[in-house]
Structures are given as structure tokens and as C-alpha cells.
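Since this is a predicted model, take the numbers as computed values, not measurements. So that the names make sense, note that chain A is the first sequence line, chain B the second, and so on, each numbered from 1.
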Number of protein chains: 2
Amino acid sequence: MVSVKSPAPPAACCSPLAAPAMSEGDAVTTARVFKALADPHRVRILNLLANSRDAVCVCDITDRIDLAQPTTSFHLKKLTSAGLLERQQQGTWAYYSINHEVLNHLRSVFEVKEARR
Amino acid sequence: MVSVKSPAPPAACCSPLAAPAMSEGDAVTTARVFKALADPHRVRILNLLANSRDAVCVCDITDRIDLAQPTTSFHLKKLTSAGLLERQQQGTWAYYSINHEVLNHLRSVFEVKEARR
DNA sequence: CCTTTACATCGACGATCATCGATCAAAGGA
DNA sequence: TCCTTTGATCGATGATCGTCGATGTAAAGG
């Protein structure tokens with residue numbers, strides 16, 4: 001079993017929207033992550049994986065989402081390279097699962113401005 | 001001063017990604033909101049407004065974001081109709097501000113699965 | 001070695017998006 | 001009443017995106 005940590009999420013991705021001085025680069029990074037969430041099929045894939053105890057192979061995801069297999073791979077790649085999913089290879093099969101750490105961290109993006117002194 | 005509540009956000013928008021059974025429609029709704037966040041300029045607009053004590057007029061936003069005025073209006077419309085911004089008109093000026101309620105609620109989208117029994 | 005299965009990549013397509021100049025509507029002043 | 005200013009909308013553009021059939025690749029089984 002070869003487990004592959006996703007390559008993308010720039011360390012601790014995405015400063016809060018209310019961060020005092022967000023650089024242009026920060027904005028690009030943040031937008032990139034949300035772009036991965038900006039498609040109904042990808043949202044459904046996340047929902048599917050979030051409700052699966054174990055990792056799920058591409059063929060099962062393809063069935064559940066009702067897309068052609070290349071299209072499913074396309075979406076999985078976007079989600080993975082945004083850091084939202086993890087991929088493990090087992091023989092001919094590829095298993096995908098939620099990257100809970102990254103997804104959980106995204107909550108902080110919407111955290112309100114730190115207490116004003 | 002005419003204050004206009006944004007028309008879009010379907011009540012309490014966006015169920016958690018880990019919701020047990022997300023409908024296809026839920027996925028579309030969720031994706032629509034994140035699509036509004038999926039552009040660097042729009043992220044910067046949110047960041048700008050999140051750090052402004054008061055609402056900001058289009059001309060000031062245009063200056064700070066460094067886009068042509070029609071492009072700024074285009075982005076503001078996307079953010080507003082996603083429910084992320086509020087718009088107030090004052091004479092010839094239009095003032096935009098963060099819809100804190102909606103933005104804050106978005107944190108719940110990334111909340112982890114409810115305790116497993 | 002050949003076949004099958006699972007998945008990724010390629011190439012092409014139509015659709016949507018971001019951008020901006022030009023134009024329009026509305027609100028104040030002079 | 002005219003001119004100026006603000007901001008929204010229109011129309012055109014180039015770029016990106018989602019989709020899928022065809023093809024490629026790698027593993028497993030006969």
C-alpha cells in the first residue's frame with residue numbers, strides 16, 4: 001500500500017478572510033482552494049467520502065456520482081491537488097479519502113476578526 | 001439611505017459537507033456559494049471589507065483592487081447575490097459591506113461529522 | 001504472453017468566466 | 001437646464017472549465 005500525501009496545500013493553507021493584510025498571493029491561494037469546491041459534482045464527492053468509513057475506489061465514486069470515469073478522475077485530481085483529498089494506490093485500484101486536517105482548517109478562513117483591542 | 005438585504009442566500013445556506021445525505025440540489029447550492037469565493041479579486045474584496053469599520057463605496061474598492069470599474073461591479077454583484085455582501089445605496093453612491101451572518105455560518109460547512117454513536 | 005480490469009491522460013467540444021471600453025440611468029450641484 | 005459624478009449594464013474578447021470518447025499504462029490472472 002502506497003500512501004501519497006497530497007502535494008498541494010501550501011503548508012497551513014489559507015489565512016482568514018478577515019486577516020489584517022492579505023497579500024495578493026494569499027488571495028490567489030485561497031481562491032484556488034475554493035475553486036476546488038466550486039463544482040456540484042466535487043461537492044458531492046466530498047460528501048460521499050465524508051460519509052464513508054474507509055477510502056473509496058474510483059470505480060465506486062464513478063458509480064455513485066454518475067459521471068464518465070475520465071470526468072470522475074478529473075474532479076478527483078482537482079480535489080486532491082487542492083489538498084482536500086488523499087490518494088492511496090493498492091494494486092490497480094486507487095482509493096480516495098477526505099483530508100480531515102485540511103478540511104477542518106478551512107473553518108478558520110471564516111473566523112471573525114480577532115477581538116478588537 | 002436605502003438598505004437592501006441580499007436576495008440570494010437560500011435561508012440558512014449550505015449544509016455541512018459531512019451531512020449524511022446531501023441532495024443534488026444541496027450540492028448545487030453549496031457549489032454556487034464557493035464559486036463566489038473562487039476568484040482572487042473577490043477574495044481581496046472580502047478581505048478589504050472585513051477590515052473596514054464602515055461600508056465602502058464602489059469607487060474606493062475599485063481603487064484598492066486595481067480593476068476597471070465595470071469589472072469591480074461584476075465581482076461585487078457575484079458576491080452580493082451569493083449572499084456574502086450587503087449593499088446600501090446613498091444618493092449616487094453604493095456602499096458594500098460584509099454579511100457577517102452568512103460568512104460566519106459558512107464555518108459549519110466544514111464542521112466534522114456529528115459524533116458517531 | 002495475452003487478456004482483463006482500473007485508472008490516468010489526451011484531444012476536442014461547447015459552455016461559462018473575467019475583463020474592459022462604451023453606454024446608460026440617476027443624483028447632485030453649478 | 002446643463003454638466004459632472006457614481007455605478008450598473010451591455011457587447012465583445014480571450015481564457016478557463018466540465019465533459020466524454022479514445023488511448024495509454026500498469027497490475028493481476030489465466
Of the options D:dG18, C:dA6, D:dA8, whose atoms approach the side-chain atoms of A:D39 most closely? D:dG18

Is any side-chain nitrogen or oxygen of A:K77 closer than 4.0 Å to OP1 or OP2 of C:dT9? yes

Whether over 12 other heavy atoms sit under 6.0 Å from A:D66 CG: no

5'-most contact on DNA chain C (nearest-nucleotide basis), A:C57 vs B:T71, goes to A:C57

Below 4.0 Å: OP1/OP2 of D:dC17 and any side-chain N or O of A:H75: no

Is the side chain of A:S23 donor-acceptor paired with the backbone N or O of A:D26 at a distance under 3.5 Å, no angle test? yes

Ring geometry between A:H41 and A:H75 (parallel below 30°, tilted from 30 to 60°, perpendicular above 60°): tilted

Starting at atom NZ of A:K78, determine the distance to atom C1' of D:dT19, rounded to an integer number of angstrom. 12 Å

Between D:dT19 (C1') and A:R42 (CZ): distance, integer Å: 12 Å

Ignoring backbone atoms, test whether B:T92 places a side-chain nitrogen or oxygen under 4.0 Å from the OP1 or OP2 oxygen of D:dT5. no

Would you say B:R87 reaches D:dG7's phosphate, i.e. side-chain N/O to OP1/OP2 under 4.0 Å? no

Is any N or O donor-acceptor pair between the side chain of A:Q69 and the base of C:dA8 shorter than 3.5 Å? yes

What's the CZ-P distance between B:R44 and C:dA18, to the nearest Å? 15 Å

Could you tell me whether A:L67 contacts a base, only the sugar-phosphate backbone, or nothing, with contacts defined as non-hydrogen atoms closer than 4.0 Å? sugar-phosphate

Would you indicate, yes or no, if D:dT16 has its OP1 or OP2 atom less than 4.0 angstrom from a side-chain nitrogen or oxygen of A:K35? no

Quick one: is A:H41 getting a side-chain N or O under 4.0 Å of the D:dT19 phosphate, OP1 or OP2? yes

Counting just side-chain N and O atoms, does A:Y96 come under 4.0 Å of either OP1 or OP2 of C:dA8? yes

Is it true that a side-chain atom of B:N104 and a backbone atom of A:E111 form a donor plus acceptor pair closer than 3.5 Å? no

Is the backbone of B:H105 close enough, under 3.5 Å, to the side chain of B:S108 for a donor and an acceptor to pair up by distance? yes

